[in-house]
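Written out below as structure tokens is the structure these notes cover.
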Amino acid sequence: MEFTINNIDTIIIKLRELTENFVIPSVTSMALDKVSPFEILISTLLSLRTKDETTYEVSLKLFEIANTPQKILNITDKELQKIIFKTGFYRNKAKTLKHVSQEIINKYDGNVPDSIEELLTINGIGRKTANLVVIKAYNKPGICVDTHVHRISNRIGFVNTKNADKTEFALRKTLPKKYWCEINDILVKHGQNICRPISPKCNLCNITQYCKHFLIEKN
DNA sequence: AAAACGGGGGC
DNA sequence: GCCCCAGTTTT
């Protein structure tokens, strides 16, 4: 199936409608006068392999105690581990949070960088996190490809790629720029509720007529 | 007891 | 580009 710009517009608009009522409480969806770039970054790092509700709850608890790089460095490893325990992988995450905080102080004077390239120079920050931070914290263009965006972009047929990085680069070519920043929001909601990894609920989906995966399965 | 939650790094 | 990694929560 050929994907024209018209098709992409139609698909995005339909998915936007389909998912607009799904609410995922998260630090990254809060207004920018309520949350800092650093908080967005830390929350994203905590979200690794963790339910959104847990990430949100733990993030708010952490930020009551430490919401700046220096404050993160000021608390002990044990205390930090205890606070973020429920997100899982708490030893690694505590180490990452400390390292990222230290780097932001050392290299960026305590301010979270606003470019993907600079963010990527910090160990522990990869493309998914870097893109999300520039989008959510700085309102700059980016495409945050997490597992949902990767899976669904391939299912629909937006891209045909093996890994998330390639999906990001492919989407940068095929996806109109006006959709870049919201594609993650839309596809995460769609992926959590309908287009799940296993047994997707295609009966609840409104774009099956455009979906390569659905059409292949059906035929 | 098993599955779900997925991004980053090392080589 | 493939493999490895880290723990809690839910079913």
Side-chain angles (χ1 to χ4, degrees), chain A residues 19 22-29 37-62 69 72 77-104 107 112-113 115-137 142-155 159-172 180-181 183-201:
Chain A
T19 59
F22 296 138
V23 178
I24 305 171
S26 70
V27 169
T28 50
S29 65
F38 185 71
E39 289 171 323
I40 288 174
L41 171 59
I42 294 301
S43 181
T44 305
L45 293 172
L46 286 177
S47 72
L48 174 69
R49 220 170 166 81
T50 303
K51 294 242 188 309
D52 291 332
E53 294 80 3
T54 308
T55 303
Y56 184 63
E57 177 192 321
V58 169
S59 295
L60 294 187
K61 232 174 73 182
L62 172 61
I72 292 283
D77 286 358
K78 283 293 168 207
E79 193 178 356
L80 183 55
Q81 287 177 13
K82 190 177 166 189
I83 296 168
I84 67 175
F85 179 80
K86 280 210 296 190
T87 68
F89 309 108
Y90 58 92
R91 292 188 202 88
N92 271 355
K93 285 178 181 175
K95 203 170 144 194
T96 300
L97 261 46
K98 289 259 181 178
H99 178 256
V100 166
S101 297
Q102 187 68 65
E103 288 283 277
I104 288 174
K107 290 159 65 174
V112 177
S115 78
I116 292 170
E117 292 70 30
E118 287 174 307
L119 286 161
L120 289 176
T121 68
I122 300 173
N123 219 285
I125 299 179
R127 298 205 65 87
K128 183 261 184 180
T129 303
N131 273 279
L132 196 66
V133 168
V134 301
I135 293 167
K136 298 296 185 182
I143 300 182
C144 174
V145 177
D146 66 0
T147 178
H148 296 294
V149 177
H150 177 56
R151 178 182 69 258
I152 300 172
S153 294
N154 276 280
R155 276 185 179 166
V159 300
N160 183 12
T161 54
K162 287 288 184 211
N163 66 57
D165 285 357
K166 287 187 174 176
T167 296
E168 185 198 327
F169 299 135
L171 284 176
R172 282 177 181 274
W180 283 18
C181 293
I183 193 70
N184 181 268
D185 297 326
I186 294 174
L187 293 189
V188 166
K189 290 182 194 174
H190 193 232
Q192 289 177 340
N193 293 286
I194 295 172
C195 196
R196 302 181 306 190
I198 300 169
S199 308
K201 302 175 179 175

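A note on names: the letters A, B, ... follow the listed sequences, proteins ahead of strands, and every chain is numbered from 1. We use all heavy atoms of the structure for the numbers below, so side chains are in, but hydrogens, waters and symmetry mates are not. Keep in mind that what you see is a predicted model, and the values were worked out from it rather than measured.
An OP1 or OP2 oxygen of C:dG7 is reached within less than 4.0 angstrom by no side-chain nitrogen or oxygen of A:Thr50. Contact annotation: A:Asn123 side-chain N/O to B:dG9 OP1/OP2 distance is under 4.0 Å.
Panel note: side chain A:Ser43, backbone A:Ile40; no donor-acceptor pair is recorded below 3.5 Å. For A:Thr54 (side chain) and A:Thr50 (main-chain N/O), no donor-acceptor pair under 3.5 Å exists by modelled atom type.
The distance from atom NE2 of A:His99 to atom P of B:dG7 is 21 Å, rounded to the nearest whole Å. The interatomic distance linking A:Tyr90 (OH) with C:dC5 (C1') rounds to 15 Å, in whole Å. Atoms CG (A:Asn131) and P (B:dG7) sit 12 Å apart, rounded to a whole Å. Going from atom NZ of A:Lys162 over to atom P of B:dG6 covers 21 Å, rounded to whole Å. Between the CD1 atom of A:Ile116 and the P atom of B:dG7 there is a distance of 16 Å, rounded to whole Å. Per the geometry, CG belonging to A:Leu132 stands 10 Å off P belonging to B:dG8, to the nearest Å. The CZ atom of A:Phe89 sits 15 Å away from the P atom of B:dG9 (whole-angstrom rounding). Atom CD1 in A:Ile198 sits roughly 12 Å away from atom P in B:dG6 (whole-Å rounding).
A distance of about 15 Å separates the P atoms of C:dA6 and B:dC11, rounded to the whole Å. Comparing the C1' positions of C:dC3 and B:dG6 gives a spacing of 15 Å, expressed to the nearest Å. B:dG8 and C:dT9 are spaced 22 Å apart, taking the C1' atom of each and rounding to whole Å.
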Could you tabulate the donor-acceptor pairs under 3.5 Å formed by side-chain atoms of residues 78-89 of chain A, not counting sequence neighbours?
| unit_1 | atom_1 | unit_2 | atom_2 | d |
| --- | --- | --- | --- | --- |
| A:Lys86 | NZ | A:Glu57 | OE2 | 2.6 |
| A:Thr87 | OG1 | A:Ile84 | O | 2.8 |
| A:Thr87 | OG1 | A:Lys93 | NZ | 3.3 |

Could you tabulate the donor-acceptor pairs under 3.5 Å formed by side-chain atoms of residues 22-29 of chain A, not counting sequence neighbours?
| unit_1 | atom_1 | unit_2 | atom_2 | d |
| --- | --- | --- | --- | --- |
| A:Ser26 | OG | A:Thr28 | OG1 | 3.2 |
| A:Ser26 | OG | A:Ser29 | N | 3.2 |
| A:Ser26 | OG | A:Ser29 | OG | 3.0 |
| A:Ser29 | OG | A:Ser26 | O | 3.0 |

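Both key distances under 3.5 Å define a Watson-Crick or G-U pair, and stretches of 3 or more such consecutive pairs in DNA chain B run B:1-5 with C:7-11, B:7-11 with C:1-5.
Taken from CG in A:Asn184 to NZ in A:Lys128, the straight-line distance is 7.0 Å, to the nearest 0.5 Å. The line from CD1 of A:Ile125 to NE2 of A:His99 is 9.5 Å long, rounded to the nearest 0.5 Å. Expressed to the nearest 0.5 Å, how far CG of A:Asn193 lies from NE2 of A:His148 amounts to 9.5 Å. The CZ atom of A:Arg49 sits 9.5 Å away from the OG1 atom of A:Thr147 when rounded to the nearest 0.5 Å.
Only A:Leu48, listed by number, bring a heavy atom of residues 38-48 of chain A to less than 4.0 angstrom from any atom of DNA chain B.
Side-chain contact, A:Thr19 with A:His190: no donor N or O sits under 3.5 Å from an acceptor N or O. No side-chain donor-acceptor contact under 3.5 Å links A:Thr121 and A:Glu118.
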Subject >> CA sep, side-chain torsions, deciding dist, call: A:Val149, A:Ile186, side chain to side chain contact (heavy atoms under 4.5 Å, CB included) >> reply: CA-CA 9 Å; A:Val149 177; A:Ile186 294 174; over 6 Å; no
Original post:
Yes or no on side chain to side chain donor-acceptor pair (under 3.5 Å) for A:Asn154 and A:Thr161, after CA distance, side-chain angles and deciding distance?
Top reply: CA-CA 7 Å; A:Asn154 276 280; A:Thr161 54; 3.2 Å; yes
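Between B:dG8, B:dG6, C:dG7, one nucleotide has an atom nearer to the side chain of A:Lys128 than all others, and that is B:dG8. Out of B:dG8, C:dG7, C:dG1, the shortest distance to the side chain of A:Thr129 is found at B:dG8. Closest to the side chain of A:Asn92, from the set C:dG1, C:dA6, C:dG7, is C:dA6.
Within 4.0 Å of A:His150, counting heavy atoms only, lies no atom of the nucleic acid at all. Looking at heavy-atom distances under 4.0 Å, A:Asn163 makes no contact with the nucleic acid at all. Within 4.0 Å of A:Asp52, counting heavy atoms only, lies no atom of the nucleic acid at all.
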Between the protein and nucleotides 9-11 of chain C, list every N/O to N/O distance that falls short of 3.5 Å.
none

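Between A:Pro197 and A:Arg127, it is A:Pro197 whose nearest contact on DNA chain B lies nearer the 5' terminus.
Remark: A:Asp185 pairs with A:Lys136 by the salt bridge (Lys or Arg N to Asp or Glu O under 4.0 Å) rule, at least two apart or across chains.
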